[in-house]
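Everything on this sheet refers to the single structure shown next.
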Amino acid sequence: MTRMQKRTLTRIILSSALFITALFMAEGTLRTAFFAVAYVLVGWDVLWLAARNIVRGEIFDENFLMSLATIGAIIIGEYPEAVAVMVLYQTGELFQSYALGKSRKSIASLMDIRPDTANVERDNLLLTLSPDEVAVGETLVIKPGERVPLDGVVLEGHSVLNTAALTGESLPRDVAPGDDVISGCVNQGGLLRIRVTKRFEDSTIAKILDLVENASAKKARVENFITRFAKVYTPLVCGLALLLFAIPSLITGDARTWGERALSFLVVSCPCALVISVPLSFFGGIGGASKRGILVKGSNYLEQLANVNVVVFDKTGTLTEGAFKVTVIHPQLVSEQELLRLAATVESFSDHPISRSIRAHYHLPVNPGELSNVQEIAGQGISATLGGRTVYAGNETLLNAIGVAVNVCPHLGTIVHVAQDDTYLGHIVIADQIKATSREAIQLLKREGVRKTVMLTGDTQPVADYVAGELGLDEAYAQLLPADKVDRVEDLLTQTHQHGYGKLVFVGDGVNDAPVLTRADVGVAMGALGSDAAVEAADVVLMDDDPRKLALGMRIARKTLAIARQNIVFALSVKAVTLLLVAFGLANMWLAVFADVGVSLLAILNATRALNTGD
């Protein structure tokens, strides 16, 4: 408990002790004094808040209802009821505060990844500074057990990083010189020297903290409904309580009986169960998702995620690894190793992703100094002199231009043909690998009730059809420019909304996906490897780039929304029944208090389940 919660608990205990003592005392001034002290001790803050809000023009809230009900009880001489109402109300408020604080603490512990200091090398000295004082390009020293304070690239050292706080995954990540590292990870291995690539305000950790801290500002329709409902509901029940007192009193002349019923009516009508439990449900859902590496930028997006029926994917980097790899080698007249050696050597001057993939697959070092007359022909390939002979590595167009016939390859992907002088030596197929989790991700979405899965790509139609077939996608559209993707999503949105399919989600990772992410009902970005533009444009961020997390996020959203709706139906149903019982004299103020506090506690306990959604 916080210090304030402990003080409230102390006041409740002392007031309860005075209350119980007074119950066993004889009628008289001393007994009344004990009740008065108990009432003021436990309820002074409620009375103060009610008075302050009335001055501000904010009359109808739970403090006003409780103050009016208890002061009315005192006026008619029902001192035990007045104290009991205030004690039980404050007990309920304490439980509400504790539940909300526990949820906030759970999220805070998940997001307790902001580094306090950074060890920076400056002028041959190791300085300890605040992360926001470190400039891009400076070198950090990360010792074992320390948290990485800023995004950067490893210069020296090999280690293992724990990314659980960011991605929700316990599997550690190996890093070596040249690897990118993101802030918030914990160094569990050796000493690392890292060159900073982003300022602290632009770093991964800063963006995560900003997303979580501001998520509560974007409310779901259910939350907005409760806010509007409370503004109308509270003055309405006050008016009904006044009528319940005035009309029967004038008819029967029994003002005391109907006054008690009206006061009990006010106690039951307190809307705190709804006002607290519904936002708490969404707060817990966002926290539960964050714990699993799914950052939701607001409860409104969580609500929309619960109603998704069409999912549109980008291909490269989303359903595929986004990194080219050699998949097939077809040598002719030479060995596979020799074919790779020639291609890797000729490609050594190029920084094209295809060239890098060939060199990476060869594994062995190459000597660019052996080359001469290097020519890179845009859109075709490279030629160079190696060992006195001209070697060509490129596409079919390049080899046709030198009069060398190529073999037809049945495999999909980018094909690099290799020739030496006028002799064809074979070809290498390079492709973007499908993620190991993509097929399962599509299956999980189908189980969650998604009606249609679509893929958009700038790749060729044969490649798109192959990937769609492998993953079980419903539709695939190829050779699309960024503007074409937006147009296609517009068409899909129109179809989705016309057929009442719910919401459309687009999942992407690249800069060219940002416009589509913004246009979709819900934009989901791959956060670990995705571009800053995509993460900024998205409504939901999957921190570990695992497409399976989308189905998990939908499941969390649906459970959260179900919990919020359960609380609304439960609270309104119990209150409606109890209000009728009170109005007809079948329930007194004691039962009214227990009904109000009990409903609030049960609704709050139900709301805290949202923090564990997805388990």
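For the numbers below, each heavy atom of this structure counts, side chains included, while hydrogens, waters and symmetry mates do not.
Every side-chain contact (heavy atoms from CB on, under 4.5 Å) that S348 has, sequence neighbours left out, goes to R359, V366, P368, L371. Partners of D180 by side-chain contact (heavy atoms from CB on, under 4.5 Å), not counting sequence neighbours, listed by chain and number: V153. With sequence neighbours excluded, no residue forms a salt bridge (Lys or Arg N to Asp or Glu O under 4.0 Å) with E133. Residues that satisfy the ring pair (Phe, Tyr, Trp, His ring centres under 6.0 Å) test with Y362, not counting sequence neighbours, are absent from this structure. Among residues two or more places apart in sequence or in another chain, the salt bridge (Lys or Arg N to Asp or Glu O under 4.0 Å) test is passed with R193 by E121, E156. Considering only residues two or more places apart in sequence or on other chains, E396 meets the side-chain hydrogen bond (donor to acceptor under 3.5 Å, both in side chains) condition with none of them. In this structure Q375 satisfies the side-chain contact (heavy atoms from CB on, under 4.5 Å) test together with S383, sequence neighbours excluded. Listed by chain and number, the residues in a side-chain contact (heavy atoms from CB on, under 4.5 Å) with T437 are K435, D546, P547, R548 (sequence neighbours excluded). Shown here are the ring pair (Phe, Tyr, Trp, His ring centres under 6.0 Å) partners of H411, two or more places apart in sequence or in another chain: H330. Among residues two or more places apart in sequence or in another chain, the side-chain hydrogen bond (donor to acceptor under 3.5 Å, both in side chains) test is passed with N373 by T385.
Counting only residues at least two apart or in different chains, salt bridge (Lys or Arg N to Asp or Glu O under 4.0 Å) contacts with residues 401-422 comprise R389-D421. Pairs passing the salt bridge (Lys or Arg N to Asp or Glu O under 4.0 Å) check and including a residue from residues 304-313, sequence neighbours excluded, do not occur.
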request  = Evaluate the side-chain contact (heavy atoms from CB on, under 4.5 Å) criterion for residues D521 and L493: first the C-alpha distance (whole Å), next the side-chain angles of each, then the deciding distance (0.1 Å), finally the verdict.
outcome  = CA-CA 8 Å; D521 291 322; L493 275 169; 3.5 Å; yes

task = Begin from the C-alpha positions of F282 and L302 and carry the test side-chain contact (heavy atoms from CB on, under 4.5 Å) through to its verdict.
result = CA-CA 8 Å; F282 283 98; L302 196 69; 4.1 Å; yes

task = For side-chain contact (heavy atoms from CB on, under 4.5 Å), just list the numbers for N309 and K503, CA-CA rounded to whole Å, side-chain angles, deciding distance to a tenth of an Å, and then say yes or no.
result = CA-CA 6 Å; N309 273 314; K503 301 299 180 181; over 6 Å; no

task = Check the pair K446, T453 against side-chain contact (heavy atoms from CB on, under 4.5 Å), reporting the backbone distance first and the verdict last.
result = CA-CA 9 Å; K446 296 288 187 182; T453 54; 3.8 Å; yes

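In this structure, CD in E490 is found 10.5 Å from CG in L504, a value given to the nearest 0.5 Å. With rounding to the nearest 0.5 angstrom, the CD1 atom of I556 is 4.5 Å from the CD1 atom of I294. A distance of 8.0 Å separates CD1 of I430 from OG1 of T327, quoted to the nearest 0.5 Å. The line from OG1 of T457 to CG of D314 is 6.5 Å long, rounded to the nearest 0.5 Å. With rounding to the nearest 0.5 Å, the separation of CZ in F506 from CG in L492 is 10.5 Å. Considering CD of Q332 and OH of Y424, their distance stands at 6.5 Å, rounded to 0.5 Å.
Residues L319 and M455 are in side-chain contact: their nearest non-hydrogen atoms beyond the backbone lie under 4.5 Å apart. Contact check for E336 versus L339: no side-chain heavy atoms found under the 4.5 Å cut-off. Proximity of Q420 to L333: side-chain heavy atoms (C-beta onward) are nowhere separated by under 4.5 Å. Looking at V540 and L295, their side chains never come closer than 4.5 Å, going by heavy atoms from C-beta outward. Looking only at side-chain heavy atoms (C-beta outward), V454 and D474 stay at 4.5 Å or farther from each other. Between K315 and V467, the closest side-chain pair of non-hydrogen atoms falls below 4.5 Å. In this structure the side chain of V186 never reaches within 4.5 angstrom of the side chain of E146, judged on heavy atoms. Looking at heavy atoms from C-beta onward, V541 lies out of side-chain contact with V524 at the 4.5 angstrom threshold.
Minimum heavy-atom separation, L150 to R199: CD2-C, 4.0 Å. Pairing each heavy atom of N187 with each of L161, the nearest pair is CA-CD2, 3.7 Å. For the pair L444 and A551, the tightest heavy-atom approach, listed with the atom from each and the gap, is CB-CB, 3.6 Å. When all heavy atoms of S438 and T318 are compared, the pair lying nearest together is OG-O, 4.3 Å. Across A360 and H363, no two heavy atoms sit closer than the pair O-ND1, 3.3 Å. Smallest separation of non-hydrogen atoms from D132 and F200: CA-CB, 3.9 Å.
Side-chain polar atoms of D539 and Q304 form no donor-acceptor pair below 3.5 angstrom. A donor-acceptor contact closer than 3.5 angstrom links the side chains of Y477 and E475. Using modelled atom types, one finds a donor on one side chain and an acceptor on the other under 3.5 Å when comparing Q461 with D465. A donor atom on one side chain and an acceptor atom on the other are not found under 3.5 Å apart for N407 and H417. Side-chain contact of D151 with T197: a donor-acceptor pair under 3.5 Å is absent, judged by distance alone.
The closest donor-acceptor contact from the side chain of S357 to the backbone of K325 lies at 3.5 Å or more, if one exists at all. In this structure, N395 contributes its side chain and L398 its backbone to a donor-acceptor pair below 3.5 Å. Judged purely by atom type and a 3.5 angstrom limit, K559 has no side-chain atom pairing as donor or acceptor with the backbone of G285. A donor-acceptor pair under 3.5 Å is formed between the side chain of R439 and the backbone N or O of E470.
For the pair E138 and R122, the salt-bridge criterion is met [side-chain N within less than 4.0 Å of a carboxylate O]. For R558 and E448, the salt-bridge test passes: some basic side-chain N is under 4.0 Å from an acidic carboxylate O.
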